[in-house]
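By convention in this document, chain letters (A, B, ...) are assigned in the order of the sequence lines, proteins followed by strands, and residues within each chain are numbered from 1.
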There are 2 protein chains.
Amino acid sequence: MRYSHQREAIKKTIQETNCHPTADWIYKETIKIIPNISLGTVYRNLKCLEESGDIKTIYDGNIARYDWNTEPHNHLKCKHCGDLIDIVLSDESIHPQIKQDFKFDVDLVEMTIIGTCQKHT
Amino acid sequence: MRYSHQREAIKKTIQETNCHPTADWIYKETIKIIPNISLGTVYRNLKCLEESGDIKTIYDGNIARYDWNTEPHNHLKCKHCGDLIDIVLSDESIHPQIKQDFKFDVDLVEMTIIGTCQKHT
DNA sequence: TTTATAAATAGTAATAATTCCTATTATTAT
DNA sequence: ATAATAATAGGAATTATTACTATTTATAAA
């Protein structure tokens, strides 16, 4: 994969936010740096960055969000404000049970815990 | 909510399959029973049925699927064939920990376990 | 340091999933 | 049976995403 100014800007945009941005948000931020960048370039590079392991894609309902945190982790999702909060719950104890009960080899566990965050209590 | 012939057919279609169908699949099945049903009606009623608790919506990547199984459960997703398999893993032991560590009240845990099903081993 | 190459881009068109709109139809309370 | 109004069909609109293509740009070789 060849260097591109655009890809670096997209990567930097994601890595400098602590939210879990959508493609459109990333586009609107990156266009401030590269005024003629196109949305297609954003999508193409998000796919590249995912494949190279620089970012992770998370599906929030039916919209894709992107996460610079590539360490295994899960999310708390507040049903009131929609905020996603990173958490680490590295309990791999269920893997052997699933292998035994369902003859299913586990790669990863995608977990979203839905509830109410502290802003709404 | 008033009775409708269409809603009953949609509900029946979902409850009679053991796959996790998309709105489009449900539309294509239901149109066999009600030849002039419209896709908008399918979407509207899927929302109604979700609200009344008759079905559950599950997000598979960025496409919505619908599930007649409204009991708390999770899914195994095969990365090869995309099949979704229902599993019950009712371990609520993490709830108090999350409450304590993040001041977050847990309603439900949406978990998708990704890996390889027995058809591909 | 030019030049050739092919990968990446901008801009736009196309697609897919879903929602919205409105005149008509059908359910249900009276 | 009739009136009121919720639900529908059919199609247009919207949103997220992908595909297409002429042009630009990174990079390797001369």
Side-chain angles (χ1 to χ4, degrees), chain A residues 1-14 17 19-67 75 77 82 84 110 112, chain B residues 1-14 17 19-67 75 77 82 84 110 112:
Chain A
M1 187 166 34
R2 208 158 71 165
Y3 171 88
S4 105
H5 183 36
Q6 287 84 346
R7 188 181 312 115
E8 288 308 301
I10 290 164
K11 188 172 162 183
K12 196 155 172 282
T13 297
I14 299 169
T17 183
C19 74
H20 297 79
T22 62
D24 196 60
W25 187 95
I26 294 162
Y27 171 65
K28 289 195 173 103
E29 283 300 305
T30 313
I31 209 170
K32 294 175 186 170
I33 313 301
I34 305 174
N36 68 333
I37 198 170
S38 76
L39 187 54
T41 297
V42 172
Y43 274 104
R44 184 166 15 77
N45 281 298
L46 287 170
K47 196 167 283 178
C48 293
L49 291 167
E50 159 93 60
E51 278 164 16
S52 64
D54 287 299
I55 61 169
K56 270 180 70 173
T57 305
I58 57 187
Y59 291 99
D60 176 27
N62 51 12
I63 183 165
R65 293 181 175 276
Y66 301 88
D67 196 339
H75 296 99
K77 179 176 178 177
L84 289 177
E110 281 182 0
T112 303
Chain B
M1 187 165 34
R2 212 156 69 163
Y3 171 87
S4 105
H5 183 35
Q6 286 85 343
R7 188 180 312 116
E8 288 308 302
I10 290 163
K11 187 172 163 183
K12 195 154 173 282
T13 297
I14 299 168
T17 184
C19 73
H20 296 80
T22 62
D24 196 59
W25 188 95
I26 294 163
Y27 170 64
K28 289 194 173 100
E29 283 300 306
T30 314
I31 209 170
K32 294 174 186 170
I33 314 301
I34 304 174
N36 68 334
I37 197 170
S38 75
L39 188 53
T41 297
V42 172
Y43 275 104
R44 185 166 14 78
N45 280 297
L46 287 170
K47 194 166 286 178
C48 292
L49 291 167
E50 159 93 60
E51 278 163 17
S52 64
D54 287 299
I55 62 170
K56 270 180 69 174
T57 305
I58 57 186
Y59 291 99
D60 177 26
N62 51 13
I63 183 165
R65 294 181 176 276
Y66 301 89
D67 196 340
H75 297 98
K77 179 176 177 176
L84 289 177
E110 280 182 1
T112 303

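- Residue A:Thr17 holds its OG1 atom at 9.0 Å from CD1 of A:Ile26, rounded to the nearest 0.5 Å.
- D:dT15 atom P lies 10 Å from atom NZ of A:Lys28, rounded to whole Å.
- Rounded to the nearest 0.5 Å, atoms CG (B:Leu49) and OH (B:Tyr66) are 10.5 Å apart.
- A:Arg7 meets the salt bridge (charged side-chain N to carboxylate O under 4.0 Å, His left out) test with no other residue; sequence neighbours excluded.
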**Study point:** Protein proximity profile, nucleotides 17-30 of chain C - base contact B, sugar-phosphate-only contact S, no contact -, cut-off 4.0 Å on heavy atoms
**Key:** SBB------BBS--
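- Side chains of B:Asp60 and B:His75: a donor-acceptor N/O pair is absent below 3.5 angstrom, by distance only.
- The line from NE2 of B:His5 to CD1 of B:Ile33 is 9.0 Å long, rounded to the nearest 0.5 Å.
- A donor-acceptor contact closer than 3.5 angstrom links the side chains of B:Ser52 and B:Asp54.
- Rounded to a whole Å, the CG atom of B:Leu46 is 15 Å from the C1' atom of D:dA7.
- Separating the CD1 atom of A:Ile37 from the P atom of D:dT24 is a distance of 17 Å, rounded to the nearest angstrom.
- Rounded to an integer number of Å, the gap from A:Asn45 CG to D:dT18 C1' is 14 Å.
- Shown are B:Ile37, B:Leu46, B:Thr41; of these, the side-chain contact (heavy atoms from CB on, under 4.5 Å) with B:Tyr27 is made only by B:Ile37.
- Across the protein-nucleic acid pair, B:Ile34 atom CD1 and D:dA9 atom P stand 7 Å apart, rounded to whole Å.
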Produce the list of close N/O pairs, under 3.5 Å, pairing protein atoms with atoms of nucleotides 14-16 of chain C; give distances to one decimal.
none

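- If you measure from atom CD of A:Gln6 to atom C1' of D:dT23, you get 13 Å, rounded to the nearest angstrom.
- Between atom CD1 of residue B:Ile58 and atom NE2 of residue B:His20 there is a gap of 4.5 Å, rounded to the nearest 0.5 Å.
- Comparing B:Asn36 and B:Arg7 along DNA chain D, the residue whose closest nucleotide (by nearest heavy atom) sits nearer the 5' end is B:Arg7.
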